Amino acid sequence: MSNFIDELKWRGMLHDVMPGTEDLLQKEMTKGYIGFDPTADSLGVGNLVQIMTLMHFQKAGHKPMALVGGATGRVGDPSGKSQERNLLEIDQLQHNQDCQRKQLERFLDFNCGANSAELVNNYDWFKDMGFLDFIRVAGKHLTVNYMLAKDSVKSRLETGMSFTEFSYQLIQGYDFYHLWKNEGVKLQMGGSDQWGNITTGTELIRRMAGGEAFALTTPLIKKADGSKFGKSEGGNIWLDPEKTSPYHFYQFWLNAADSDAGSFLRIFSLKNKEEIEALEAEHAEAPHTRVLQRALAEEVTERVHSRADLDNAISASDILFGKGTEESLRSLNSATLMNIFEGVDQFELSRDQLSAGIPIIDLLAESTAVFPSKGEARKMLQANGVSINKQKVGADYVLDTKDLLNDQLILVQKGKKNYYLIRLS
RNA sequence: GGGGAGAUACUCAAGCGGCCAACGAGGACAGACUGUAAAUCUGUUGGUUCAUACCUUCGAAGGUUCGAAUCCUUCUCUCCCCA
């Protein structure tokens with residue numbers, strides 16, 4: 001059994017840990033869990049931190065458990081929220097849970113003997129519990145004073161908070177108690193914003209049964225410039241390939257800033273300390289080759305998607321961002337192009353429209369949805385931000401069949417990094 | 001319950017009868033420079049459009065006026081002080 005805490009420490013993944021946790025982990029194979037909130041129908045890269053935590057936990061010889069919050073999702077976690085949340089519809093929640101469960105299954109080993117991973121849903125033990133039972137069994141053991149002292153509650157006392165959200169910590173706390181009592185789970189992990197909820201659980205275990213349980217949290221991931229991690233060009237980066245294509249996913253990691261790449265590699269890769277430090281040394285020698293970003297993007301994309309998806313993403317990136325010129329684009333056959341660019345946003349156009357000649361602005365704003373309006377298309381064209389097949393074009397450019405690659409495709413570039421593929425229907 | 005202050009675009013924040021689609025800052029997007037990095041500099045940032053045009057915006061609804069984000073009335077909400 002390797003030292004899990006030390007592993008998290010050097011990776012910069014340890015924020016807070018309850019005294020005695022390390023002793024426990026060194027002494028015995030421990031069951032530990034992390035909860036996932038079904039607020040969306042896919043996990044995002046932010047959740048990847050917790051997934052990695054569970055993976056390291058399992059690698060260290062312990063038994064990881066992922067909890068899908070079917071019950072807690074109905075209530076809404078106030079942690080880190082400055083406003084009351086809107087409740088999700090029940091069938092939406094159900095859908096989200098199903099999607100998240102499938103994703104979680106990919107990352108852990110569910111068939112490796114004693115420390116095989118497990119997946120549970122807290123709705124299973126809450127669905128048959130009545131409100132009166134709950135407040136008698138769980139509620140009696142904690143004082144409102146105790147609950148009010150939590151940051152998640154305290155920060156909302158000014159603006160207001162519903163009883164529903166106030167009770168959230170008690171529900172999550174009861175989860176821990178339930179798993180402790182019935183499954184022998186002794187550790188709950190999570191993001192640093194979960195510390196309050198987790199300690200409510202350990203407190204509940206202590207008061208209800210005189211038992212001992214432990215807690216550990218990971219820091220909130222922030223980029224070096226202070227901005228939020230996990231977003232790109234306005235959107236969240238999802239693990240679901242339908243929501244964020246493997247190409248975009250790969251690009252997201254590849255675009256990590258130098259100042260972030262090292263720490264991201266520690267958190268999101270399974271590489272060991274020596275490997276990472278070697279890569280960093282190599283990167284320092286020749287920053288422009290961006291070995292850190294490549295190593296990061298490759299490992300994470302392969303784990304979340306697949307080797308084949310990764311290969312395509314790399315090929316597409318090489319073509320789009322390499323030294324490639326219009327000639328090299330024209331030299332590729334369309335089957336290859338279509339395959340490689342699967343993850344690039346695509347639009348269709350009829351041959352008739354094109355052969356009649358179509359002004360660039362109409363093409364981008366009307367025939368396709370590259371831009372939401374002609375005004376924006378014009379603006380970007382005037383700012384010199386649009387390329388057709390890697391050639392900058394002006395606002396008065398008119399396209400026709402001569403612009404087709406392989407008589408099939410047109411590659412549109414908006415800004416430096418946004419590519420669109422227009423193909424004949 | 002009494003008194004006071006306020007509600008402006010993604011956020012903060014000016015404007016206090018025409019020169020306001022609304023100063024400025026941040027954010028976002030784009031250009032240059034680079035390494036598909038950071039920093040820096042430049043441009044854009046209500047919509048349709050491209051024209052010295054029209055439409056929709058300044059909490060909501062009415063009103064005064066040739067003309068209102070700016071004045072009046074009512075309403076809704078927020079904050080502060082006193083009880």
Side-chain angles (χ1 to χ4, degrees), chain A residues 81-84 155-161 222-237 244-265 279-298 300-301 310 312-325 328-329 340-341 343-345 359-367 369-388 390-397 411-420:
Chain A
K81 298 280 183 303
S82 57
Q83 279 195 324
E84 184 80 12
S155 63
R156 289 273 295 278
L157 249 28
E158 285 282 315
T159 50
M161 166 183 232
K222 275 213 300 235
K223 295 198 269 183
D225 61 8
S227 60
K228 200 167 183 274
F229 166 78
K231 301 225 174 193
S232 141
E233 271 109 64
N236 248 85
I237 304 298
T244 300
S245 73
Y247 163 75
H248 286 297
F249 188 85
Y250 174 81
Q251 282 288 318
F252 167 76
W253 296 102
L254 195 65
N255 274 300
D258 286 9
S259 45
D260 288 322
S263 59
F264 285 1
L265 209 51
L279 284 168
E280 283 181 319
E282 198 184 325
H283 186 270
E285 286 293 311
H288 58 280
T289 57
R290 296 185 304 155
V291 285
L292 287 177
Q293 285 90 338
R294 276 177 218 285
L296 177 68
E298 286 175 17
V300 181
T301 305
L310 170 64
N312 265 355
I314 293 175
S315 306
S317 299
D318 284 348
I319 293 169
L320 296 177
F321 294 100
K323 290 278 182 295
T325 55
S328 69
L329 271 176
I340 288 173
F341 291 150
V344 178
D345 301 287
I360 181 84
I361 289 175
D362 294 346
L363 175 80
L364 299 180
E366 275 177 3
S367 313
V370 175
F371 289 97
S373 73
K374 289 190 178 185
E376 280 202 33
R378 191 181 310 273
K379 228 177 265 172
M380 192 65 83
L381 281 156
Q382 276 160 359
N384 205 227
V386 177
S387 298
I388 296 294
K390 306 212 83 171
Q391 293 284 328
K392 294 274 187 198
V393 294
D396 47 7
Y397 190 75
L411 183 68
V412 179
Q413 188 176 1
K414 174 171 95 177
K416 204 177 292 183
K417 296 178 190 171
N418 308 298
Y419 286 94
Y420 303 87

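Quantities reported herein were computed from a predicted structural model and do not represent experimental measurements. Proteins get letters first, then strands, A, B, ... in listed order; numbering begins at 1 in each.
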Grab the CG-C1' distance between A:D258 and B:U34 for me, whole Å please.
11 Å
In whole Å, I'd like the distance from the CZ atom of A:F371 to the P atom of B:A30.
9 Å
Specify the separation, in whole Å, of atom NZ of A:K414 and atom C1' of B:A28.
12 Å
Does B:G31 have OP1 or OP2 under 4.0 Å away from a side-chain N or O of A:K392?
yes
The side chain to side chain donor-acceptor pair (under 3.5 Å) partners of A:Y419 (sequence neighbours excluded) come to A:Q413
Between A:A383 and A:R294, which residue's closest nucleotide on RNA chain B lies nearer the 5′ terminus?
A:A383
Between A:L381 (CG) and B:G31 (P), how many Å, whole number?
12 Å
Sticking with atom P, work out how far B:G26 lies from B:C16, rounded to a whole angstrom.
24 Å
Does A:N255 reach a base, just sugar-phosphate, or nothing at all? Heavy atoms under 4.0 Å.
base
Does the structure place the NZ or CZ of A:K414 under 6.0 Å from the centre of the six-membered ring of A:Y420, at an angle of no more than 45° from the ring's axis?
no
Considering every strand and a 4.0 Å limit on heavy-atom distances, what is the contact class for A:K379: base, sugar-phosphate, or nothing?
sugar-phosphate
Gap in Å between the two C1' atoms, one belonging to B:A13 and one to B:A7, rounded:
13 Å
Go through the steps to decide whether A:H248 and A:I237 satisfy the test side-chain contact (heavy atoms from CB on, under 4.5 Å), and finish with yes or no.
CA-CA 8 Å; A:H248 286 297; A:I237 304 298; 5.9 Å; no
Whole-Å distance between B:C33 C1' and A:N384 CG?
15 Å
Whole-Å distance, A:Q382 CD to B:U45 P, equals 11 Å
How far, in whole Å, is B:A21 from B:U45 if one measures between their C1' atoms?
12 Å
Mind checking A:K223 for me? I need base, sugar-phosphate or nothing, with any heavy atom below 4.0 Å counting as a touch.
nothing
May I ask you to say what A:G375 touches in the nucleic acid, namely base, sugar-phosphate or nothing, with a heavy-atom cut-off under 4.0 Å?
base
Mind checking the P distance from B:C71 to B:G18? Whole angstroms is fine.
11 Å
Test of understanding: with side-chain contact (heavy atoms from CB on, under 4.5 Å), list the residues that count as partners of A:P287, not counting sequence neighbours.
A:D258, A:H283
Any side-chain heavy-atom pair of A:T301 and A:I314 under 4.5 Å:
no
Separation of A:E376 atom CD from B:C50 atom P, in whole Å?
15 Å
Pick the closest RNA chain B nucleotide for A:Y250 and for A:G385 by heavy atoms, then say which residue is nearer the 5' end.
A:G385
Applying a 4.0 Å non-hydrogen cut-off, can you work out what A:Q293 is touching in the nucleic acid: base, sugar-phosphate, or nothing?
base
Check whether any side-chain N or O of A:N418 sits under 4.0 Å from OP1 or OP2 of B:A30, and answer yes or no.
yes
Extract the stems that RNA chain B is part of, considering only consecutive pairing runs of at least three Watson-Crick or G-U wobble pairs, both distances under 3.5 Å.
B:1-7 with B:76-82, B:10-12 with B:24-26, B:27-32 with B:40-45, B:46-48 with B:53-55, B:59-63 with B:71-75
Under the salt bridge (Lys or Arg N to Asp or Glu O under 4.0 Å) rule, collect the residues that match up with A:E376, sequence neighbours excluded.
none
Residues passing the side chain to side chain donor-acceptor pair (under 3.5 Å) test with A:K374, sequence neighbours excluded, are A:D362, A:E366
Give me the distance, rounded to whole Å, that separates B:G47 from B:A9 when you measure between the C1' atoms they each carry.
13 Å
Check ring-ring contact (aromatic ring centres under 6.0 Å, His included) between A:F252 and all other residues, then give those that pass, not counting sequence neighbours.
A:F229
Classify the side chain of A:Q251 versus the base of B:U36 as yes if they form a donor-acceptor pair under 3.5 Å and no if they do not.
yes
C1' atoms of B:G17 and B:A68, separation to the nearest Å
6 Å
Just checking A:S317: base, sugar-phosphate only, or nothing, at a heavy-atom cut-off of under 4.0 Å?
base
Expressed in whole Å, how much space separates the C1' atoms belonging to B:C20 and B:G15?
9 Å
Heavy atoms from other residues, nucleotides or ligands near NZ of A:K392 exceed 12 (cutoff 6.0 Å):
yes
Provide the distance between the two P atoms, one in B:A83 and one in B:U74, to the nearest whole Å.
28 Å
Please determine if a side-chain N or O atom of A:K417 lies less than 4.0 Å away from the OP1 or OP2 oxygen of B:A37.
yes
Gap between atoms CG and C1', on A:L364 and B:C29 respectively (whole Å):
16 Å
